[in-house]
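I have placed the structure first, in the form of structure tokens, so that the comments after it can refer back to it.
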Amino acid sequence: MFPRSCGRSRRARPVCSILKLDARPAIPTVHNYGTPFDNGAKHDRHVEDVASSTVTWHWTRHRRQRRRPLGGKSLHAARTTGSVPRPVALVLATLFAALALLGIGTSAASASTDPSEEPSGPVLTIGGVLRDGDDPVEGVDIDVEGGGFSDTATSDENGRWSVEVPEKGDYTVTLDTDTLPAGIELRDPDRTTADVSADEWQTSSISRLFPLGEDTRQTSGFFDLFMQRLVSGLNFGLLVALAAIGITLIFGTTGLNNFAHGELVTFGGILAWVFAVLLGLNIFIAIPIVVILGAAFGYVHDTVLWRPLRKKGVKLVQAMIVSIGLALLLRYFYLFNVGGDTKTMNVGLSDAVVLGPVRITTGSILSMVLSVVVLVAVALFLTRTRIGKATRAVSDNAALAAASGIDVDRIIRIVWVIAGGLAALAGVMLALYRQVSWDMGFQVLLLMFAAVTLGGLGSAYGALVGSIVVGLFVELSTLVIPADLKYAAALIVLIFVLLLRPQGILGRRERIG
């Protein structure tokens, strides 16, 4: 019935039959398929009815065992090796929903009341506040000129003034002294103008101040500055520790230096801004949501990328290069969706609290308290729970842990979930400490690696100690060196410590060779 070119392939015969519709009258034929669908499937039979150049397929299923319910799906909906497990599908759906929220920033910030109007870029402003001591000064004119543009703003009842400028360029800001109220003069009579250069436009707004009246500021002594920097360094070190512990746990269990870990931190900071600022959620509600999404993001990282690479036996150097590529991909994905300007975390935690010589905001207090609580919880998890002890066993010797019955792959997956949640929480704390930007995690990535290396690779407690040392040195170094060099100074200290103690502060000596 079939030509010799069709061979004996049962799957090719229906095709040959269809091709012969024009050559001869269709003859109903019956072919048996031996392709199993389930463990209980014996074979499938199809009946081909060809009439008037129409092919109709009828499928029947024969089983040796009792048919299992398929949950209302098609008769052939069975488990295959290419299907996605339901937990992974749920996590992927959650991740895609979270990533979709990242696009809200640009669209919500630049939305127009007229749907037909094209979205514009961020509004550029030059502004400031006029105060005589603690009293605002109202009704003072400030002129802004530059590049053919000229506009005048008048300070309001709060002393605030602002001028929208058309582009990022050079401008001259001039205060009209004739509009100053009687009895109020500039602190420096010769400083009636201030310049704005094009290089200063790192954000969408620039401030220029004109001090009025007598200088009532109190100068701080060295001790006061030292205490202020000490508290700031402790705060910064704790939030670096949140992210650095994730890096050291991943390194301890897999041997991977994950250069995309900074993007996990950025993921948490951007989501905190989306939920707390754009969507208006309370920050205490937004933080748990961000941590859960960050943990899911870490799970997806391992399930989609790192676990398949481990099964294929990819070496650590190649995996490290993959992590660098992933970091670049995520970083510029954030830039494309939220823009390059800095986002402000206006969540009502900017009130100042004065404790002796130290002035600290409520957001910094929340960050420090929450960081200490979470770090203590992680320490108890690693020392008191079975999973924590198994994690330390895998970190010490993965082969021996597997031989003793520990599911190493499951432990690694749990480590990625914990690392993702901690990194997201560190992103929230960093957003409260410094505001939100598309590369905020990358800016502190080297400090996280410095803390991990300084404390001892693979040691969670070493990462904590190293982070505190790095944070304190970064802030205290500004007492003697310019603030722009404080990160470089921390890396120089790392080099000196490793020259004296190569294994790190809490690292163990290992025999080489």
Check whether [X] reaches the backbone of [Y] with its side chain - one donor and one acceptor, N or O, closer than 3.5 Å.
X      : Y      : answer
Ser477 : Phe473 : yes
Asn282 : Phe284 : yes
Lys343 : Val277 : no
Thr125 : Ser162 : no
Thr179 : Val140 : no
Glu157 : Glu138 : no
Trp201 : Gly169 : yes

Review point. How are the rings of Phe149 and Tyr171 set relative to one another: parallel (under 30°), tilted (30 to 60°) or perpendicular (over 60°)?
Key: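 The arrangement is perpendicular - the two ring planes meet at more than 60°.
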
Practice item. Go through Leu271 and Phe297 one step at a time and tell me if the side chain to side chain contact (heavy atoms under 4.5 Å, CB included) criterion holds. Key: CA-CA 12 Å; Leu271 283 186; Phe297 198 28; over 6 Å; no

[atom1]-[atom2] distance between [X] and [Y], expressed to the nearest 0.5 angstrom:
X      : Y      : atom1 : atom2 : value
Phe259 : Leu326 : CZ    : CG    : 13.0 Å
Arg131 : Leu209 : CZ    : CG    : 10.5 Å
Glu475 : Lys486 : CD    : NZ    : 4.5 Å
Leu239 : Leu447 : CG    : CG    : 10.0 Å
His261 : Phe267 : NE2   : CZ    : 13.0 Å
Lys168 : Thr203 : NZ    : OG1   : 8.0 Å

Practice item. Report the C-alpha separation of Leu212 and Leu186 in whole Å, then their side-chain angles, then the decisive distance to 0.1 Å, and conclude whether the side chain to side chain contact (heavy atoms under 4.5 Å, CB included) test is met. Key: CA-CA 5 Å; Leu212 303 175; Leu186 283 170; 3.5 Å; yes

Side-chain contact, heavy-atom cut-off 4.5 Å: [X] with [Y]?
X      : Y      : result
Thr174 : Glu145 : no
Phe236 : Val474 : yes
Met429 : Ile287 : yes
Leu375 : Ile245 : yes
Thr253 : Thr391 : yes
Trp161 : Leu175 : no
Arg310 : Asp302 : yes
Val163 : Val173 : no

Closest non-hydrogen atom pair between [X] and [Y], with its separation:
X      : Y      : value
Met448 : Gly441 : CE-O, 4.1 Å
Val428 : Ala272 : CG2-CB, 3.8 Å
Gly269 : Val436 : O-CG2, 3.8 Å
Ile250 : Ala419 : CD1-CB, 3.7 Å
Glu185 : Leu180 : CA-CD1, 4.3 Å
Val452 : Ala463 : CG2-CB, 4.4 Å

**Study point:** Distance-only side-chain donor-acceptor flag, Asp143 / Thr152, under 3.5 Å
**Key:**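 There is such a pair (donor and acceptor under 3.5 Å, judged by atom type) between the side chains of Asp143 and Thr152.
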
Review point. Between Asp141 and Thr154, do the side chains contain an N or O donor and an N or O acceptor separated by less than 3.5 Å?
Key: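 Looking only at side-chain atoms, Thr154 and Asp141 do form a donor-acceptor pair, the distance falling under 3.5 Å.
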
Crowded around [X] [atom1]? As in, over 12 foreign heavy atoms under 6.0 Å?
X      : atom1 : result
Arg359 : CZ    : no
Arg434 : CZ    : yes
Phe251 : CZ    : yes

Point to revise | Identified side-chain contact (heavy atoms from CB on, under 4.5 Å) partner of Ile365 from the options Val231, Val353, Leu370 | key: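 That would be Val353; it is the only one of Val231, Val353, Leu370 passing the side-chain contact (heavy atoms from CB on, under 4.5 Å) with Ile365.
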
Exercise for review: Let me see the working for Arg331 and Thr266 under side chain to side chain contact (heavy atoms under 4.5 Å, CB included), right down to the final yes or no.
Suggested key: CA-CA 8 Å; Arg331 195 178 311 151; Thr266 307; over 6 Å; no

Check your understanding: Taking only residues two or more places apart in sequence, or in another chain, which ones meet Arg392 in a salt bridge (Lys or Arg N to Asp or Glu O under 4.0 Å)?
Key ->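 For Arg392, no residue satisfies salt bridge (Lys or Arg N to Asp or Glu O under 4.0 Å) once neighbours in sequence are set aside.
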
Review point. Can you list the steps and then say if Tyr334 with Met440 is a side chain to side chain contact (heavy atoms under 4.5 Å, CB included)?
Key: CA-CA 11 Å; Tyr334 300 149; Met440 56 187 292; over 6 Å; no

Exercise for review: Could you tell me which residues satisfy side chain to side chain donor-acceptor pair (under 3.5 Å) with Asp439, sequence neighbours excluded, listed by chain and number?
Suggested key: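 Asp439 satisfies side chain to side chain donor-acceptor pair (under 3.5 Å) with Ser437, Gln443 only.
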
